[in-house]
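Working notes, structure below.
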Amino acid sequence: MRTKTDPVFCDYLMRIENRQERVNSNNKIELPDSLVIPFTTKKESLDHLFAMTFSNAQACSSNSCSTDSHVILTTKNDFVNEINDILIAKFPEKPTTFVAIDETVEPNDQSQFEDLLHTLNPAGLPPYKLTLKENCPIILLRNLNPYECLCNGTRLICCDIKTHVISANIVTGDFKNKHVFIPRIPLLSSQDERLPV
């Protein structure tokens, strides 16, 4: 995304791809200081990262926010959930928490494995507890209506949060600024991801 608006960064990436970027004595590319957040403590470093990436999260509105063009990439889903929780806390609006209703495939197993199900967060499914606030960014994990651009990976900003529906604006692509509704729906992980219970 950054390469669209930052030609210097784009050139830097191209030099890396073409093996033209200088390397150190260990044959490693040294990142420029402008791309590095120095580590002090975990909290301070994350706060610095958030400030650099989402400088106006607290002043966000559904029509104007840097969250529609900035992202933080991580290597593990556990860290993604931690970052999401910290960032959601920075938005000034009142939080709304959605709690999943997990069910076992065999109804007779429900009472025995219900607590275990609440601890699992399979890839491709939202977490058991999902906390959102107005004006926070969200991303779809499923194709809901491709014709209306409600596809896996579509980025949106929450406008209003109700018990069974989220009102949101699409923030990227051909349908940018289109107002949509995301219903609360049952989701199943694929058979090969399903854990034996």
Side-chain angles (χ1 to χ4, degrees), residues 1-2 4-5 37 43 45-103 117-190 193:
M1 292 176 63
R2 181 174 171 180
K4 292 179 181 179
T5 58
I37 303 290
K43 182 183 180 334
S45 297
L46 281 174
D47 285 344
H48 190 186
L49 175 64
F50 299 151
M52 296 296 292
T53 309
F54 303 112
S55 56
N56 66 343
Q58 293 194 347
C60 237
S61 74
S62 58
N63 298 322
S64 170
C65 188
S66 67
T67 57
D68 63 353
S69 60
H70 294 79
V71 295
I72 296 174
L73 301 176
T74 71
T75 53
K76 295 190 175 184
N77 285 342
D78 290 344
F79 200 49
V80 169
N81 295 334
E82 183 180 349
I83 286 176
N84 283 342
D85 292 343
I86 295 169
L87 278 173
I88 287 292
K90 292 186 178 294
F91 283 83
E93 290 80 7
K94 180 183 171 201
T96 301
T97 300
F98 293 96
V99 179
I101 302 171
D102 294 329
E103 295 178 353
L117 291 174
H118 296 172
T119 65
L120 304 176
N121 286 312
L125 292 178
Y128 170 66
K129 285 188 177 181
L130 177 65
T131 301
L132 299 175
K133 291 184 179 181
E134 284 185 29
N135 301 319
C136 77
I138 55 176
I139 189 166
L140 290 182
L141 300 177
R142 288 280 191 272
N143 291 334
L144 296 180
N145 185 349
Y147 181 75
E148 296 291 325
C149 196
L150 293 178
C151 307
N152 181 15
T154 300
R155 299 174 68 179
L156 307 101
I157 297 288
C158 290
C159 298
D160 193 19
I161 303 166
K162 301 294 184 194
T163 305
H164 297 286
V165 71
I166 297 170
S167 167
N169 282 329
I170 297 174
V171 294
T172 57
D174 294 339
F175 289 84
K176 184 174 182 172
N177 296 325
K178 180 178 173 83
H179 191 87
V180 295
F181 296 96
I182 311 296
R184 187 170 190 165
I185 58 173
L187 295 173
L188 292 174
S189 61
S190 65
E193 291 173 352

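Please read all numbers here as calculations on a predicted model, not as lab measurements.
At least one side-chain heavy atom of Asn152 sits less than 4.5 Å from a side-chain heavy atom of Asn143. The shortest distance between side-chain heavy atoms of Val180 and Lys178 falls below 4.5 Å. Between Ile161 and Phe98, some side-chain heavy-atom pair lies under the 4.5 Å cut-off.
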For this session: Go through the steps for Phe175 and Leu150 under the test side chain to side chain contact (heavy atoms under 4.5 Å, CB included), then give the verdict.
Result: CA-CA 9 Å; Phe175 289 84; Leu150 293 178; over 6 Å; no
Exercise. Under the side chain to side chain contact (heavy atoms under 4.5 Å, CB included) criterion, do Arg155 and Val171 qualify, and how do the steps go?
Worked result: CA-CA 6 Å; Arg155 299 174 68 179; Val171 294; 3.8 Å; yes
For this session: Give the intermediate values and the outcome of side chain to side chain contact (heavy atoms under 4.5 Å, CB included) for residues Asn177 and Asn169.
Result: CA-CA 5 Å; Asn177 296 325; Asn169 282 329; 5.6 Å; no
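Here the closest non-hydrogen pair linking Cys151 and Pro146 is SG-CA, 3.5 Å. In terms of heavy-atom proximity, Pro137 sits nearest to Phe91 at CD-CZ, 3.6 Å. Of all the heavy atoms in Cys158 and Ile166, the pair that sits closest is SG-CG2, 4.0 Å. Across Ile170 and Glu148, no two heavy atoms sit closer than the pair CD1-O, 3.9 Å.
Here Asp160 pairs with Lys162 under the side chain to side chain donor-acceptor pair (under 3.5 Å) rule; sequence neighbours left out. Residues satisfying the side-chain contact (heavy atoms from CB on, under 4.5 Å) criterion with Phe181, sequence neighbours excluded, are Val165, Ser167, His179. Applying the side-chain contact (heavy atoms from CB on, under 4.5 Å) criterion to Thr97, with sequence neighbours excluded, gives Val99, Lys129, Thr131. Annotation: side-chain contact (heavy atoms from CB on, under 4.5 Å) contacts of Asp47 (sequence neighbours excluded): Lys43, Phe50, Lys90.
Note that CD1 of Ile139 is 8.5 Å distant from CG of Leu156, once rounded to the nearest 0.5 Å. For the atom pair CD1 of Ile182 and CD1 of Ile138, the computed distance is 5.5 Å after rounding to the nearest 0.5 Å.
Between the side chain of Thr154 and the main chain of Cys149, a donor-acceptor pair closer than 3.5 Å is present. Within the 3.5 Å criterion, the main-chain N or O of Ile88 finds a donor-acceptor partner in the side chain of Lys133.
No salt bridge links Lys94 with Glu134; every basic N to acidic carboxylate O contact stays at or beyond 4.0 Å.
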